Undergrad: 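Structure incoming, see below.
Each chain gets a letter, A, B and so on, in the order its sequence line appears, and its residues count up from 1. In what follows, every heavy atom counts, from backbone to side chain, and hydrogens, waters and symmetry copies are set aside. Given the structure is predicted, the values throughout are model-derived calculations rather than measurements.
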Protein chains: 2
Amino acid sequence: MKQKKKSIIPEACSCTIIHQDRIDRASKQMPKTEVLFNLAELFKSFGDTTRIRILYSLFKEEMCVCDLCAFLGMTQSSISHQLRILKLSRLVRSRKAGKVVYYSLEDVHIKDIFKLGLIHINE
Amino acid sequence: MKQKKKSIIPEACSCTIIHQDRIDRASKQMPKTEVLFNLAELFKSFGDTTRIRILYSLFKEEMCVCDLCAFLGMTQSSISHQLRILKLSRLVRSRKAGKVVYYSLEDVHIKDIFKLGLIHINE
DNA sequence: ATAACATATGAACACATGTTCATATGTACT
DNA sequence: AGTACATATGAACATGTGTTCATATGTTAT
């Protein structure tokens, strides 16, 4: 009798009913761990109401930090901290004009991603 | 996934250079706070490597909890907890077959959202 | 130079989140 | 009935995260 193949990391799961064929197929179409990590990081940037609201505010045109504070009713520090995160994720870019810093969307795909997200919510 | 509701405080910003016209225009195309909150919740579900890996594993076909544990090299408890979150977000559905529970994707848009996310990362 | 202002940032805090451990639930089989 | 197994779940723990506060940086005007 042929023995059942055990899991990749033996101590992770004690189950015996494992569909090795399914695992093999899933394995083939799985992106690299690093890619999945970066993807999770990206969605993490979208996973906060304040950041979502900032991005939506910039959908049509650029705004300065001041505008965002006033519009979203939040402290300047809070907005600045979140803008920093969005900038690190390459979701917004900044343009300096004297004392004022204007922020705008860096990626056109953001709108499409949000659109798909909204479809899911409304289903 | 829970998130604290943030209060809107008018005196949050002491800036004087506010572009009221920009704020008015942004205001017009801004979805309701509740919608933005739900959108953030959805992306929060995508914002974890384990959950991203689970979703990717289910791209082609359903898998049981056991398969996921073995494939992803994680404990059964950990996978179960994450599946619960994904189910609450209506991203996966479950089907019981005796002792075994099979999970599959509930929303066809997930793939498209991931696709767009990957485009952003690779830019 | 000094003052005023717009923005950035480090530290501290409270709260959220993911994993682990122990255990409960539910199903199949003897 | 009992045993074995697949999955679910509550509690505890450590880590991560968003806001606040204080303060720093950089720019403009006097």
Side-chain angles (χ1 to χ4, degrees), chain A residues 4 6-7 9 11-19 37 40-41 43-54 62-70 72-89 92-103, chain B residues 1-9 11-19 37 40-41 43-54 62-89 92-103:
Chain A
K4 202 147 221 168
K6 280 280 173 168
S7 59
I9 296 172
E11 62 272 24
C13 179
S14 58
C15 307
T16 54
I17 303 186
I18 296 171
H19 305 81
F37 180 84
E41 287 300 299
F43 289 127
K44 220 174 276 183
S45 298
F46 292 145
D48 174 76
T49 309
T50 300
R51 288 194 293 271
I52 288 259
R53 295 207 301 154
I54 290 175
E62 64 180 13
M63 279 180 125
C64 69
V65 179
C66 212
D67 294 339
L68 290 167
C69 295
L72 303 179
M74 301 193 67
T75 64
Q76 178 269 318
S77 177
S78 181
I79 295 290
S80 258
H81 278 299
Q82 297 303 348
L83 283 170
R84 188 171 176 278
I85 292 172
L86 291 173
K87 204 172 177 183
L88 284 173
S89 303
V92 302
R93 94 182 87 228
S94 63
R95 173 178 77 82
K96 211 163 187 183
K99 285 187 294 186
V100 183
V101 179
Y102 290 92
Y103 281 86
Chain B
M1 309 206 90
K2 273 180 276 181
Q3 187 177 316
K4 217 174 41 170
K5 273 232 170 143
K6 288 150 196 166
S7 56
I8 291 166
I9 304 156
E11 63 273 23
C13 181
S14 58
C15 307
T16 55
I17 302 185
I18 296 172
H19 307 80
F37 181 84
E41 287 300 298
F43 288 126
K44 217 176 278 184
S45 297
F46 292 144
D48 175 77
T49 309
T50 300
R51 287 193 294 271
I52 289 260
R53 296 207 300 154
I54 290 175
E62 63 180 13
M63 280 180 126
C64 69
V65 179
C66 211
D67 295 338
L68 290 167
C69 295
F71 181 42
L72 302 180
M74 302 192 67
T75 63
Q76 178 267 318
S77 177
S78 181
I79 296 290
S80 258
H81 278 299
Q82 298 303 347
L83 284 170
R84 188 172 177 278
I85 292 172
L86 292 173
K87 205 172 178 184
L88 284 174
S89 304
V92 302
R93 94 180 89 228
S94 64
R95 174 177 76 83
K96 211 163 185 180
K99 284 186 294 185
V100 184
V101 179
Y102 291 92
Y103 281 86

Undergrad: Quick one: SG on A:Cys69 to CE on A:Met63, what's the gap to the nearest 0.5 Å?
TA: 10.5 Å

Undergrad: Could you walk me through whether A:Leu68 and A:Leu83 pass side chain to side chain contact (heavy atoms under 4.5 Å, CB included), step by step?
TA: CA-CA 10 Å; A:Leu68 290 167; A:Leu83 283 170; 4.2 Å; yes

Undergrad: Send over the distance from A:Lys44 NZ to C:dT17 P, rounded to a whole Å.
TA: 12 Å

Undergrad: Identify all pairs in which a protein N or O lies below 3.5 Å from an N or O of nucleotides 8-13 of chain C, and state each distance.
TA:
unit_1: C:dA8; atom_1: OP1; unit_2: A:Tyr103; atom_2: OH; d: 2.6
unit_1: C:dA8; atom_1: OP2; unit_2: A:Ser80; atom_2: OG; d: 2.7
unit_1: C:dA8; atom_1: N7; unit_2: A:Gln76; atom_2: NE2; d: 2.8
unit_1: C:dA8; atom_1: N6; unit_2: A:Gln76; atom_2: OE1; d: 3.3
unit_1: C:dT9; atom_1: O4; unit_2: A:Ser77; atom_2: OG; d: 2.7
unit_1: C:dG10; atom_1: O6; unit_2: A:His81; atom_2: NE2; d: 2.8

Undergrad: Which atoms form the tightest heavy-atom contact between B:Val101 and B:Ser94, and what is the distance?
TA: CG1-CB, 3.7 Å

Undergrad: What is the distance, to the nearest angstrom, from the CD atom on A:Glu41 to the C1' atom on C:dT17?
TA: 14 Å

Undergrad: What string of B, S and - do you get for nucleotides 25-30 of chain C 5' to 3' if you count protein non-hydrogen atoms under 4.0 Å?
TA: -BBS--

Undergrad: Indicate the ring-plane relationship of B:Phe43 and A:Phe43, choosing parallel, tilted or perpendicular according to the 30° and 60° boundaries.
TA: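 Parallel.
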
Undergrad: Can you name the closest pair of heavy atoms from A:Tyr102 and A:Ala97 and give their distance?
TA: CE1-CB, 3.9 Å

Undergrad: Do the side chains of B:His81 and B:Ser77 get nearer than 4.5 Å, heavy atoms only?
TA: yes

Undergrad: Nearest whole Å is fine: how far is C:dT7 P from A:Ile79 CD1?
TA: 11 Å

Undergrad: Say whether, by atom type as modelled, one donor and one acceptor occur between the side chain of B:Arg51 and the main chain of B:Lys44 under 3.5 angstrom.
TA: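 Confirmed, B:Arg51 side chain pairs with B:Lys44 backbone.
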
Undergrad: Is any side-chain heavy atom of B:Ser80 closer than 4.5 Å to a side-chain heavy atom of B:Val65?
TA: yes

Undergrad: If I take atom CD1 from residue A:Ile52 and atom CD from residue A:Gln82, how far apart are they, to the nearest 0.5 angstrom?
TA: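 Going from CD1 on A:Ile52 over to CD on A:Gln82, the span is 11.5 Å.
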
Undergrad: How many Å lie between CD1 on A:Ile85 and P on C:dT7, as a whole number?
TA: 18 Å

Undergrad: Could you give the CG-to-C1' distance, from A:Leu86 to D:dT17, as a whole number of Å?
TA: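 A:Leu86 atom CG is separated from D:dT17 atom C1' by 14 Å.
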
Undergrad: Can you find a pair of side-chain heavy atoms, one from B:Arg53 and one from B:Met74, that are under 4.5 Å apart?
TA: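 Yes, their side chains come closer than 4.5 Å.
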
Undergrad: Specify the separation, in whole Å, of atom CD of B:Gln82 and atom P of C:dA16.
TA: 17 Å

Undergrad: Rounded to whole angstrom units, what separation is found between the CE atom of B:Met74 and the P atom of C:dG18?
TA: 11 Å

Undergrad: Once you round it to whole Å, what is the distance between C1' of D:dG16 and CZ of B:Arg51?
TA: 13 Å

Undergrad: Tell me, do B:Tyr103 and B:Leu86 make a side-chain contact under 4.5 Å, heavy atoms counted?
TA: no

Undergrad: When the C1' atoms of the five terminal pairs at each end define the local axes, what inter-axis angle does the helix from C:dA1-D:dT30 to C:dT30-D:dA1 show, to 10 degrees?
TA: 20°

Undergrad: Of all the nucleotides listed (D:dT19, C:dT20, C:dT19), which has the minimum atom distance to the side chain of B:Thr75?
TA: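 Ranking D:dT19, C:dT20, C:dT19 by closest atom to the B:Thr75 side chain puts C:dT20 first.
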
